[in-house]
Each structure stands twice: as C-alpha cells, then as structure tokens.
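Note that the numbering runs from 1 along the sequence shown for the chain.
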Amino acid sequence: MAEGWQDVLQDQAAVREAAAVAVDAALLAGVLMRTGEQPHASDVVNYAPFTLLPSAVPRALFEQAYAVQQDFNLLVDAISQNKEFLEQTLASTIKVDDFTARLFRIYMQVLEEGLAQTVFLGINRSDYMFDCGLDGKAALRQIEINTIAASFGGLTSRTADVHRLVLKVLGKTEEASHLLPNNPAKGLALGIAKAWQLYGSQRAVVMFLVEEVQRNIFDQRCVENELWNRNIRVVRKRFRDVFEQGSLDASRRLYMDGQEVAVVYYREGYVPQVYDQQNWEARLLLERSRAVKCPDIATQLAGTKKVQQELSRPGMLEKLLPGHPEAIARIRATFAGLYSLDEGEEGDRIAAAAIADPDRFVLKPQREGGGNNLYGEELREVLEKIKDSPERTSYILMDKIRPQPALNYLLRAHSPLKVSQCISELGIFGVYVRQGQELVLNEAAGHLLRTKAIEHADGGVAAGVAVLDTPYLV
C-alpha cells in the first residue's frame, strides 16, 4: 500500500469502524451480488467483495494502459477480419482443443454462408499487472485481453464512491478528492446504443445473453439501466431460450418470441461447460443472424491465448496493423514474454526450460473466466505429463509477472477482518463500433482494479478470489 496508509493500517479501532462504514456504503451504492445460497433470486443479496482502502497504482503505468487501449481495439478488430491469420494461428490448437475447434467450425460456416451482419461491436478489457524488475522499477505487463463477457464494468462504476467515503472517515479528505471518476457502465452502454442505432430499427431490442446462474446480475443491470435510460428496450435470455424461441427470417433478421433483436450482448458462452448440443445450435443461429453480436465469433477467437502468444512474434503486429508504427510500439511495450508449445524444436526447448524452472512461468490453457492457469509444481507436473503429446499445443507459456505486494484489508461477507499482503490487476475497458469498413467509435471506456491476497495465484472476482478495488495514483 502507499506509504500514506501505513498509519491507518496500524490503528485497529479505526480500521474496524471504517470497515463497518464501508460495508454499509457498498450496500447503499449497489455494489451487490446474489448469494451462493440463493443465486437465482434477489430476495437475499450481499455486497460484492472489495478492498477497505484504494490501492496504490503508479500514475505513469495507469496512463500508459489508457493510452494503448484504442490501439488494442484496432488490433482486435483487425484480427477478427483476418481469416488467414486466424486459420494459421489456431491450426494446431483446434486439433487438440475441442472447444476452440467448435467455435472455429461455426466461424468457418458463417463465413462460407456469407456474413449477414454489417455492424460490429467490440467490448473488451485488457488486463495488466505491474511487474517489479530487479532494479525496483515497475513496468506495465499485459496478462490477457478479454473479448467476450468482460465483467464488472457496472459494479466498479460504484466502487470509487465507497472508497472516497472510507478515506474521509479515516481523516484523509485530501486523498479522497484525488480518486478518479470512473463509469465503464456508461461507456459500455454507449457502444451498445451506437450499434443498436446503426442497426436501424427503432422497434428492435438489445438482448443480454445471460448465464443459467446469475449471481453477478447487478453488474449487468448497471449497463442495462443505462440503455433503458436511452429508451432502448432490453431483454435477458439464456442459450436455451434462443434454442426454443429464436428464429431467422428470409433476411436473417433475428427474432426472439416475435421481437426483432438488434444487438446480442454475450455475458455467457466463454467456457465449454455451458455448451450442450442445443446451446451449440443456438450459438450457430445467433452467429448466422444479421443482429450485431458482441462479440461475433471471430472476435471471440481473437481473444484466445494462442492468438495472444502469436502477436508477440517479431513482425506479426506489422502484418496486422500496417501503417500504424506508433500503435504497434505502444502495444508491444506492454507484452510479457510469451512462448509457443507447438510441436517441434522451439516448443521442446521452452517446455524443457519450464520443467526445469517452473517458477519462472505461467502455463495458460485456451480458457476464459479465471482459475484456469497453472503455476509452480502443478505446472511442472502437467508439462511432464503432456510434453511429448500433441495436447501441449492447447497451452501457451508466459513469463511470470512479479508485482510488489502491499498491505490491505479484503472485505468479504462472513469473513474475519484481517490484513493481507495483496497484489492488484488493472483492466481497461475498450469499446469500438465498425460499420462495414468504417470505424465509427473507438474509445477507452473506464477501468477496473481487482486485488487479491498473494497466496491466491489465479482467479478473478467472479471466481471468488479477487475483490473490487479503486486505483489511488501515485
């Protein structure tokens, strides 16, 4: 934590009082989740976990992350339109990873039929950590870019107010005034509204494609309410509803229960467990439709770990973004070391290096949603098992990032109040809209800071490991 909080952290009575105020402030502000015991109803809710104090973030790295977001939007959009790149990059992965292969088959099928969709909406979140070098200087390093169902833009829009109050209660009014305003919910809704407008039918609705179990419904409601405030009608449907009620007309307009759908905003569909045969059929129906998908399947594939690793190869960004040398330099400056485990000499060498020194690396499968990465002994065991098998090509290796831990309190319902050594991850939301070949919107839409205790290697807020936070720039 910034040295400024050291006095607070040592005053137990002040911490207890501030924590009680913080919890009530979070409930008042709507920083809410449904409970694990009653995930299907909002009769009983609790506050989403969050830090007692805002965490120190180096101002220069925060500004760097914002400055590169429009470049990442451009890059993701370019990848989604580059069939040759996606085919070549995912060729080895789709042989061994059934989930990526199924997505890829739908992608190819839709391309062969010809795209009905003419307006494209991207909502992504690029996640970073602050790598502490041997010289003690911190550097911004990208963990991943999430191109589907990037969450917590809603709840984080309400978290800064809670931290502002906590600092005031602790006698830090001046510091409270330095917390930045942040409203990703509004920025995300702006992108959805623009796509809805360009679709061109006032009667058409925006469909949130949601999970069967919706514990994080309030995060989604924040974005939803921004759309209702613009008089845009929103419906919430699951894959099974699409299978039962969805249809296309002769122009491939999508109808749900007789209502035309302009935009499909996915908050589901990024893990294999949610897809049975019916849900795959529902996904294909959506992808074949004229509706604006956020993301379309090409953009979901652009967010895979294998694509992330390929982007780090020399010359690859230049191929994808010709004529954008400044953007390429900004993007490349955020890359950590990324390594292919494809079959061959290069893959053999890096697999052997990781088995010999597993603490240097993170082993990443082609999965979203947190809690999937492997570290240390577990990494070594898995690699030992698959090192001579084609299965290894479904993973990539990345240099392990080593942030500087800081003390904070993580507030969770029904958990004791105790101080923890913590590390943080900064996400920047990006929104873009393309009509045909013209990019009509390209913006950074706000930020998300998540913090976790250092004993938890992997996982986000929805996975139950990290908690919501607010950056305090230093």
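- Using a 4.0 Å cut-off between a side-chain N of Lys or Arg and a carboxylate O of Asp or Glu, Arg450 and Asp469 do not qualify as a salt bridge.
- Classification of Glu87 and Lys83 as a salt-bridged pair holds, one side-chain N sitting under 4.0 Å from a carboxylate O.
- The side-chain hydrogen bond (donor to acceptor under 3.5 Å, both in side chains) check on Ser42 picks up Arg34, with sequence neighbours excluded.
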Please test Val261 against Leu286 for side-chain contact (heavy atoms from CB on, under 4.5 Å), starting from the C-alpha separation and ending with a verdict.
CA-CA 10 Å; Val261 177; Leu286 295 175; over 6 Å; no

Apply side chain to side chain donor-acceptor pair (under 3.5 Å) to the pair Tyr265 and Arg267, showing each step before the final yes or no.
CA-CA 7 Å; Tyr265 173 42; Arg267 292 297 295 251; 3.2 Å; yes

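- Formation of a donor-acceptor pair under 3.5 Å by the Trp196 side chain with backbone atoms of Ala204 is found in this model.
- In this structure, CD1 in Ile79 is found 10.0 Å from CE in Met316, a value given to the nearest 0.5 Å.
- The ring pair (Phe, Tyr, Trp, His ring centres under 6.0 Å) pairs that include a residue from residues 289-308 number zero, where partners must be two or more places apart or lie in different chains.
- Residues passing the side-chain hydrogen bond (donor to acceptor under 3.5 Å, both in side chains) test with Lys237 are Gln245, sequence neighbours excluded.
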For the pair Glu244 and Arg240, evaluate salt bridge (Lys or Arg N to Asp or Glu O under 4.0 Å) and give the outcome as yes or no after the intermediate values.
CA-CA 6 Å; Glu244 289 165 6; Arg240 69 157 87 171; 5.7 Å; no

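- Atom-to-atom distance recorded for Glu310:CD and Thr93:OG1 is 8.5 Å, nearest 0.5 angstrom.
- Qualifying side chain to side chain contact (heavy atoms under 4.5 Å, CB included) partners for Arg141, counting only residues two or more places apart in sequence or in other chains: Asp131, Ala139, Ala336, Ile401.
- Of the possible polar contacts, one joining the Lys293 side chain to the Ser289 backbone as a donor-acceptor pair under 3.5 Å is found.
- Separation of atoms CZ (Phe361) and CG (Leu338) is listed at 11.0 Å; rounding is to 0.5 Å.
- Cation-pi geometry between Arg290 and Tyr199 is satisfied (NZ or CZ under 6.0 Å from the ring centre, within 45° of the ring normal).
- Salt bridge Glu144/Lys305: present, at least one basic N to carboxylate O contact under 4.0 Å.
- Just one residue in the list Asp241, Val263, Val242 forms a side-chain contact (heavy atoms from CB on, under 4.5 Å) with Met207, and that residue is Val242.
- Counting only N and O atoms by type, the side chains of Tyr375 and Arg380 include no donor and acceptor under 3.5 Å apart.
- For the pair Arg434 and Phe120, the cation-pi test (distance below 6.0 Å, angle within 45°) is passed.
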Donor-acceptor pairs under 3.5 angstrom involving side-chain atoms of residues 382-389: please list them, not counting sequence neighbours.
from, atom 1, to, atom 2, distance (Å)
Glu384, OE1, Lys387, NZ, 3.2
Ser389, OG, Glu391, N, 2.9

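- A salt bridge links Glu212 and Arg238; the closest N-O separation between the charged side-chain nitrogens and carboxylate oxygens is under 4.0 Å.
- Shown here is Glu84, whose CD atom has no more than 12 heavy atoms of other residues, nucleotides or ligands within 6.0 Å.
- With respect to the salt-bridge test (charged N to carboxylate O, under 4.0 angstrom), the residues Arg288 and Glu113 qualify.
- Thr304 contributes a side-chain N or O that, together with a main-chain N or O of Leu301, makes up a donor-acceptor pair within less than 3.5 Å.
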Could you walk me through whether Phe72 and Leu74 pass the side-chain contact (heavy atoms from CB on, under 4.5 Å) check?
CA-CA 5 Å; Phe72 272 115; Leu74 269 181; over 6 Å; no

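- Side chain of Asp219 to backbone of Gly154: a donor-acceptor contact under 3.5 angstrom is found.
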Dump the intermediate steps for side-chain contact (heavy atoms from CB on, under 4.5 Å) on Phe85 and Val307, then the final yes or no.
CA-CA 9 Å; Phe85 172 78; Val307 165; 3.9 Å; yes

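- Within the structure, the salt bridge (Lys or Arg N to Asp or Glu O under 4.0 Å) test picks out the following pairs touching residues 346-365 (sequence neighbours left out): Arg313-Glu346, Asp348-Arg392.
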List the steps, then state whether side-chain contact (heavy atoms from CB on, under 4.5 Å) holds for Val234 with Val205.
CA-CA 6 Å; Val234 178; Val205 300; over 6 Å; no

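- The two residues Val431 and Gly187 have their closest heavy-atom pair at CG2-O, 3.8 Å.
- For Ala91, the side chain to side chain contact (heavy atoms under 4.5 Å, CB included) test picks out no residue, with sequence neighbours left out.
- The backbone N or O of Ile145 sits nowhere less than 3.5 Å from a side-chain atom of Gln308 that would complete a donor-acceptor pair.
- For Tyr66, the side-chain hydrogen bond (donor to acceptor under 3.5 Å, both in side chains) partners are His447, not counting sequence neighbours.
- For residues 94-104, the salt bridge (Lys or Arg N to Asp or Glu O under 4.0 Å) pairs, not counting sequence neighbours, are Asp97-Arg367.
- In this model, a donor atom of one side chain and an acceptor atom of the other lie less than 3.5 Å apart for Arg236 and Gln220.
- The backbone N or O of Cys422 sits nowhere less than 3.5 Å from a side-chain atom of Ser420 that would complete a donor-acceptor pair.
- Taking 4.5 Å as the limit, some side-chain heavy atom of Asn46 sits within range of a side-chain heavy atom of His414.
- Residues that satisfy the side-chain hydrogen bond (donor to acceptor under 3.5 Å, both in side chains) test with Asn73, not counting sequence neighbours, are Gln69, Asn124, Asn442.
- Side chain of Thr35 to backbone of Gln38: a donor-acceptor contact under 3.5 angstrom is found.
- For the residue pair Asp399 and Tyr339, a side-chain donor N or O sits within less than 3.5 Å of a side-chain acceptor on the partner.
- Between the OG1 atom in Thr470 and the CZ atom in Arg158 there is a gap of 14.0 Å [rounded to 0.5 Å].
- Centroid-to-centroid, the aromatic rings of Tyr275 and Phe239 come within less than 6.0 Å.
- We find the CD-CD distance between Gln214 and Glu268 to be 9.0 Å, quoted to the nearest 0.5 Å.
- Within the 3.5 Å criterion, the main-chain N or O of Ala150 finds no donor-acceptor partner in the side chain of Asn146.
- Electrostatic pairing of Asp127 and Arg125 counts as a salt bridge here, judged by a charged N lying under 4.0 Å from a carboxylate O.
- To the nearest 0.5 angstrom, Ile106 atom CD1 is 12.0 Å from Asp296 atom CG.
- For residues 334-344, the set of pairs meeting the salt bridge (Lys or Arg N to Asp or Glu O under 4.0 Å) definition, not counting sequence neighbours, comprises Lys306-Asp342.
- Side chain of Gln300 to backbone of Gly269: a donor-acceptor contact under 3.5 angstrom is found.
- Judged as a ring-ring contact (aromatic ring centres under 6.0 Å, His included), and not counting sequence neighbours, the contacts of Tyr47 are Phe50.
- With hydrogens and angles ignored, the 3.5 Å screen pairs a side-chain donor or acceptor of Thr147 with a backbone N or O of Thr299.
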